[in-house]
Amino acid sequence: MLELKFIRANADAVAKAVAAKGEKADITAILALDEKRRAYLRDVEKWRSERNDVSRKIGEMKKHGEDAEALMVRMRDVGDRIKVHETKLKEIEEALNEHLLWVPNIPAPDVPPGADESDNVEVRRWGTPREFDFQPRPHWEIATDLGLVDFTRAARMAGAGFALFTGLGAKLERALISFMLDLHTTMHGYTEILPPYLANRECMLGTGQLPKLEEDMYNTRQDDFFLIPTAEVPVTNFYRGEILSAFDLPKYLTAYTACFRREAGSYGKDTRGLIRVHQFDKVEMVKFVEPETSYDELEKLVGNAEAVLQALGLSYRVLELCTGELSFAAAKCYDLEVWAPGAQRWFEVSSCSNFEAFQARRANIRYRGKDGKPRFVHTLNGSGLALPRTVIAIRETYQNADGSLSVPEALRGYLGGLETISAPAK
RNA sequence: GGAGAGUUGGCUGAGUGGUCGAAAGCGAUGGAUUGCUAAUCCAUUGAGGGGGUACUAACUCCCUCCGCGGGUUCGAAUCCCGCACUCUCCGCCA
């Protein structure tokens, strides 16, 4: 959410940002409603002021035993008029607010302009893609042969597009989750939390998934809860409505959660294996920081996510997203893409964004500055990491000629010292 | 699921129809005192919005907000109704 004052003063720039992001917020309508709102507000406030004055007078007259009937009759009239205009004012404000919720965040000035992924800018690469002296196989073959996943039975349980990890495949998920959380809590200064996987409507509005992405979310009809599409939702809402102290900032939180996405509109895309599934595991990092520091914090956040890939020995590249690829709420975003040598392509495993005050304004998360004035914090978040594609990269990178899989050293401690995953005996 | 109690400012906590935006305490900020620390004293200290002078600062007037939404009334933190959440007890249950 942007401030109405800001939109009023920078209408052109905001309209430009809306276009650059391919959004459809109607800035002209907002300005008109804003104008109308203030006109009604002036009237209502004038009458309310009168009512307050006269009511006070009535109170005093009654105390002195005087007859205030005439004034009371007059105020009854004023009261009716206020009520009518208040109703109208409320309608206008609701319409205005509805419009405002559709205004995206403005890209930071240094975000490269562009329409699609071809305009993203590669910032750096890490690691050398592994050379094979045999033909590397794709991850879905490896997983099936080693008995790590079972999509047939997953479909029986839930439906198409769900993963079911089995045996060491399941244990590998658990190992990765523990490894990532341990890394972030011991090396990067994050506090671990384990939040609810269901979130209410206010949370979804706060982080900006709603109203735009309602179709992509699972909703529990009876109670109007949403299955979280990312831990960002509950974790960012950790401080919703609170005023933090400047001395407590920055706050770093990390959480493992399952994530649920309907992936409406993406049918037929990346249907194979784990690339795109309705439920997946992810470790998320969320930061609450002072505005002055948020871009430094973003770089550090990317570094925290990169540390996971580096520890796992996986090659990756860092992309800076162009304006057209930025999500609704983000001002700036880096994607981390890992190299999968079997599939011969890059897979996004992390998205690290600075939302500046956009989410904080929606979720009303403030801090009290050293001058005592409350200000909105800046929020950031990044995956550290999403598991399915990380697992894909591990399988393809660490595969051996005999079909077995070496366990990355960083994970061995979490798998009872296991060094190799081999096909189960038939 | 049933019964009861509660929800007030950064925090604790008073307030049951008329200067209540709200006592008191804590905390915070500024100042005084002080060899340092501690203690003490004085002062300031809620948020959001609209208008005016000014035209980033400052000043000033007004409105709203005591969980949320309605209602009663000239007037509601205070009375009535609905909802949410928290706590206690009972039932059920992983």
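- Among the nucleotides A47(B), C62(B), G18(B), the one closest to the side chain of Pro374(A) is A47(B).
- Between Asp110(A) and Lys332(A) a salt bridge is recorded (basic side-chain N to carboxylate O distance below 4.0 Å).
- One C1' atom belongs to G27(B), the other to C83(B), and the distance between them is 34 Å to the nearest Å.
- Taking atom P in both U73(B) and A28(B), one finds a spacing of 48 Å when rounded to whole Å.
- The same atom, P, is picked in U34(B) and in G48(B); the two are 40 Å apart, to the nearest Å.
- Using the Watson-Crick or G-U wobble rule with both distances under 3.5 Å, C59(B) pairs with G52(B).
- Rounded to whole Å, atom P of U19(B) lies 10 Å from atom CD of Glu60(A).
- One atom, CD of Glu202(A), and another, C1' of G67(B), lie 13 Å apart when rounded to the nearest Å.
- Remark: Arg48(A) is not in phosphate contact with C63(B), judged by side-chain N or O atoms under 4.0 Å from OP1 or OP2.
- Partner assigned to A5(B) is U86(B), using Watson-Crick or G-U wobble distances below 3.5 angstrom.
- Among the atoms of the strands shown, none is found under 4.0 Å from any heavy atom of Arg74(A).
- Under the Watson-Crick and G-U wobble criteria, each requiring two contacts below 3.5 Å, nucleotide C93(B) is left unpaired.
- Considering only side-chain N and O atoms, Arg56(A) lies nowhere under 4.0 angstrom from the phosphate OP1 or OP2 of U19(B).
- Residue whose closest nucleotide on RNA chain B sits further toward the 5' end, between Asp34(A) and Glu50(A): Asp34(A).
- When the P atom is compared between G67(B) and A14(B), the two are found 14 Å apart, to the nearest whole Å.
- Within the 4.5 Å cutoff, side-chain heavy atoms of Met204(A) are placed close to those of Pro229(A).
- With G75(B), G10(B), C62(B) as the choices, the nucleotide that has an atom nearest any side-chain atom of Ile243(A) turns out to be G10(B).
- Between Asn364(A) atom CG and C65(B) atom P there is a gap of 18 Å when expressed in whole angstrom units.
- With C1' as the reference atom, U53(B) and U40(B) are 44 Å apart, rounded to whole Å.
- Atoms CE (Met75(A)) and C1' (U72(B)) sit 18 Å apart, rounded to a whole Å.
- Applying the 4.0 Å criterion to OP1 and OP2 of C62(B), one finds that Ser49(A) has every side-chain N and O outside that range.
- Mapped onto RNA chain B by nearest heavy atom, Val44(A) and Arg51(A) fall at different nucleotides, with Val44(A) at the one closer to the 5' end.
- Here C63(B) is the nucleotide among G51(B), C63(B), A47(B) with the atom lying nearest to any side-chain atom of Asn52(A).
- If you check G10(B), G49(B), C74(B) against the side chain of Leu41(A), the one that comes closest is G49(B).
- Taking side-chain N and O atoms only, Arg366(A) has a distance below 4.0 Å to OP1 or OP2 of G48(B).
- In this entry the distance linking CG of Asn10(A) with C1' of U56(B) reads 13 Å, nearest Å.
- Atom CZ in Arg361(A) sits about 17 Å away from atom C1' in A47(B), given to the nearest Å.
- The nucleotide whose nearest atom lies closest to any side-chain atom of Lys90(A) is, among G69(B), G75(B), G50(B), G69(B).
- Residues satisfying the side chain to side chain contact (heavy atoms under 4.5 Å, CB included) criterion with Arg368(A), sequence neighbours excluded, are Ile243(A), Pro374(A).
- Taking the C1' atoms as reference points, G46(B) lies 16 Å from U12(B), given to the whole Å.
- At the heavy-atom level, Lys62(A) lies under 4.0 Å from base atoms of the strands shown.
- Between His85(A) atom NE2 and C63(B) atom C1' there is a gap of 16 Å when expressed in whole angstrom units.
- Counting atom types as modelled, Glu45(A) pairs no side-chain N or O with a base atom of G51(B) as donor and acceptor under 3.5 Å.
- A side chain to side chain contact (heavy atoms under 4.5 Å, CB included) with Thr254(A) is found for one member of His188(A), Met180(A), Met285(A) and no other, namely Met285(A).
- Side-chain contact between Arg395(A) and Leu146(A) is absent, with no heavy atoms from C-beta onward closer than 4.5 Å.
- Taking atom P in both A23(B) and U16(B), the straight-line distance is 15 Å, to the nearest Å.
- Taking the C1' atom of each, A77(B) and C87(B) are spaced 22 Å apart, rounded to whole Å.
- With a 3.5 Å ceiling on both atom-pair distances, the Watson-Crick or G-U wobble partner of A28(B) is U44(B).
- In this structure the side chain of Phe6(A) reaches within 4.5 angstrom of the side chain of Ile106(A), judged on heavy atoms.
- Within the 4.0 Å cut-off from OP1 or OP2 of G50(B), at least one side-chain nitrogen or oxygen of Arg8(A) is found.
- The CG-P distance, from Leu244(A) to G10(B), rounds to 12 Å in whole Å.
- For G18(B), the paired nucleotide is C74(B), the pair qualifying as Watson-Crick or G-U wobble because both relevant distances are below 3.5 Å.
- Counting any heavy atom pair closer than 4.0 Å across all strands shown, Lys83(A) reaches sugar-phosphate atoms only and no base atom.
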- Stepwise salt bridge (charged side-chain N to carboxylate O under 4.0 Å, His left out) check, Arg76(A) with Asp80(A): CA-CA 6 Å; Arg76(A) 224 165 280 163; Asp80(A) 289 344; over 6 Å; no

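- Within 4.0 Å of Ile58(A), counting heavy atoms only, lies at least one base atom of the nucleic acid.
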- Message: Using the rule given for side chain to side chain contact (heavy atoms under 4.5 Å, CB included), can you reason through Val308(A) versus His184(A), listing the C-alpha separation, both sets of side-chain angles and the distance that settles it, and then say yes or no?
- Response: CA-CA 9 Å; Val308(A) 178; His184(A) 296 317; 3.7 Å; yes

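- G69(B) is paired with C81(B) under the criterion used here, namely a Watson-Crick or G-U wobble arrangement in which both key atom distances are under 3.5 Å.
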